[in-house]
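Beneath this line is the structure, given in structure tokens, with notes to follow.
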Amino acid sequence: MTTAGDIMHSGAQWIPAHETLDRAAQLMRELNVGSLPISDENDRLCGILTDRDIVVGCVAVGHDPSRITAAEMANGTPRWISSDADVDDVLREMKDHQIRRLPVIENKRLVGMISEADLARHLTDDQIAGWAESVYAMSGPR
């Protein structure tokens with residue numbers, strides 16, 4: 001059985017909820033990623049911040065990214081998957097919630113992220129096609 005832990009990108013990092021968006025953008029650049037899970041004061045997942053969130057939700061509306069925190073941009077209920085979850089569960093979670101990135105949690109701590117690139121590297125063509133059809137067919141721009 002292939003698990004979330006098998007296909008995830010390990011070494012993912014949190015951005016603390018109190019951290020500003022300019023710092024988040026710097027960390028994204030340093031890590032070469034387009035999103036960061038947001039952690040609360042107990043190192044628990046409380047959201048996900050994307051580069052698009054920073055641009056569209058902050059900069060494009062005239063806000064100063066050095067004055068807006070990651071917590072202010074977090075909305076909705078963050079989705080995650082256990083590291084021992086089967087890959088079919090990973091795909092179902094991403095399909096059902098129309099998401100393209102999924103934090104992987106083990107013992108209530110972040111251990112990795114699963115992105116579209118991870119799916120492309122590890123799944124069959126049929127699995128990828130089914131996932132892409134369901135996620136992209138009903139979603140608008142993100």
Side-chain angles (χ1 to χ4, degrees), residues 1-124 127-142:
M1 165 179 97
T2 303
T3 67
D6 295 330
I7 67 170
M8 72 180 186
H9 175 84
S10 59
Q13 290 187 23
W14 300 109
I15 186 81
H18 67 271
E19 201 61 77
T20 59
L21 298 186
D22 61 339
R23 178 61 192 128
Q26 293 163 2
L27 186 56
M28 287 180 190
R29 182 189 64 225
E30 291 167 18
L31 299 173
N32 194 30
V33 298
S35 68
L36 294 168
I38 303 169
S39 69
D40 65 15
E41 61 279 351
N42 298 314
D43 284 338
R44 302 288 168 85
L45 181 67
C46 65
I48 295 181
L49 179 68
T50 67
D51 48 6
R52 187 176 193 284
D53 294 333
I54 295 170
V55 172
V56 174
C58 177
V59 176
V61 295
H63 295 299
D64 181 351
S66 69
R67 296 184 180 274
I68 304 294
T69 66
E72 292 175 81
M73 296 302 293
N75 52 33
T77 302
R79 307 305 308 178
W80 57 273
I81 196 91
S82 172
S83 63
D84 60 0
D86 184 78
V87 71
D88 290 333
D89 295 328
V90 170
L91 293 173
R92 188 171 16 269
E93 184 73 13
M94 293 174 86
K95 286 177 189 178
D96 289 352
H97 298 282
Q98 300 280 297
I99 55 177
R100 298 179 178 108
R101 300 167 184 95
L102 187 62
V104 181
I105 305 293
E106 187 174 288
N107 297 319
K108 300 182 181 179
R109 298 292 180 240
L110 179 70
V111 294
M113 287 284 282
I114 296 173
S115 69
E116 294 168 307
D118 298 313
L119 298 179
R121 276 193 293 278
H122 296 284
L123 302 181
T124 68
Q127 286 173 310
I128 295 167
W131 174 81
E133 181 178 334
S134 66
V135 170
Y136 288 106
M138 295 175 21
S139 69
R142 290 192 182 227

Would you give me the side-chain donor-acceptor pairs under 3.5 Å for residues 82-92, sequence neighbours excluded?
unit_1, atom_1, unit_2, atom_2, d
Ser82, OG, Asp84, N, 3.4
Ser82, OG, Asp84, OD1, 2.5
Ser83, OG, Glu106, OE1, 2.7
Asp86, OD2, Asp88, N, 2.8
Asp89, OD1, Arg92, NH2, 2.6

Backbone N/O of Gly130 and side chain of Glu133: donor-acceptor pair under 3.5 Å: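 Judged by distance alone, no pair lies under 3.5 Å.
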List for me each residue that meets side chain to side chain contact (heavy atoms under 4.5 Å, CB included) alongside [X], sequence neighbours excluded, and say none if there are none.
{"X": "Ala12", "answer": "Leu110, Met113"}
{"X": "Ala71", "answer": "Ala17, Thr69"}
{"X": "Ala24", "answer": "Ile15, Leu36, Leu49, Ile54"}

For residues 40-48, dump all side-chain donor-acceptor pairs below 3.5 Å to protein atoms at least two apart in sequence or in another chain.
unit_1, atom_1, unit_2, atom_2, d
Asp40, OD1, Asn42, N, 2.8
Asp40, OD1, Asp43, N, 3.2
Asp40, OD1, Arg44, N, 3.0

If you measure from [atom1] on [X] to [atom2] on [Y], what distance do you get to the nearest 0.5 Å?
{"X": "His122", "Y": "Met8", "atom1": "NE2", "atom2": "CE", "answer": "10.0 Å"}
{"X": "Met73", "Y": "Thr20", "atom1": "CE", "atom2": "OG1", "answer": "12.5 Å"}
{"X": "Ile68", "Y": "Asp53", "atom1": "CD1", "atom2": "CG", "answer": "13.0 Å"}
{"X": "Ile114", "Y": "Glu93", "atom1": "CD1", "atom2": "CD", "answer": "10.5 Å"}
{"X": "Arg29", "Y": "Leu31", "atom1": "CZ", "atom2": "CG", "answer": "10.5 Å"}
{"X": "Cys58", "Y": "His63", "atom1": "SG", "atom2": "NE2", "answer": "6.5 Å"}

All side chain to side chain donor-acceptor pair (under 3.5 Å) counterparts of Asp118, not counting sequence neighbours: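 Asp118: side chain to side chain donor-acceptor pair (under 3.5 Å) contacts with Ser115, Arg121.
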Pairs where residues 61-77 contributes a residue and the test salt bridge (charged side-chain N to carboxylate O under 4.0 Å, His left out) is met, not counting sequence neighbours: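 Passing the test, one end in residues 61-77: Asp64-Arg67.
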Residue pairs passing the salt bridge (charged side-chain N to carboxylate O under 4.0 Å, His left out) test where at least one lies in residues 8-23, sequence neighbours excluded: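 Matches after skipping sequence neighbours: Arg23-Glu30.
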Where at least one partner belongs to residues 6-18, residue pairs that pass side chain to side chain donor-acceptor pair (under 3.5 Å), sequence neighbours excluded: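 Sorted pair list: Thr3-Asp6.
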Contacts of type salt bridge (Lys or Arg N to Asp or Glu O under 4.0 Å), residue Arg109, not counting sequence neighbours: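 Once residues adjacent in sequence are excluded, Arg109 has no partner under the salt bridge (Lys or Arg N to Asp or Glu O under 4.0 Å) criterion.
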From CA spacing to verdict: side chain to side chain contact (heavy atoms under 4.5 Å, CB included), His97, Thr77: CA-CA 10 Å; His97 298 282; Thr77 302; over 6 Å; no
Exercise: identify the closest heavy-atom pair between Pro65 and Val59: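 Result for this residue pair: CG-CG2, 4.2 Å.
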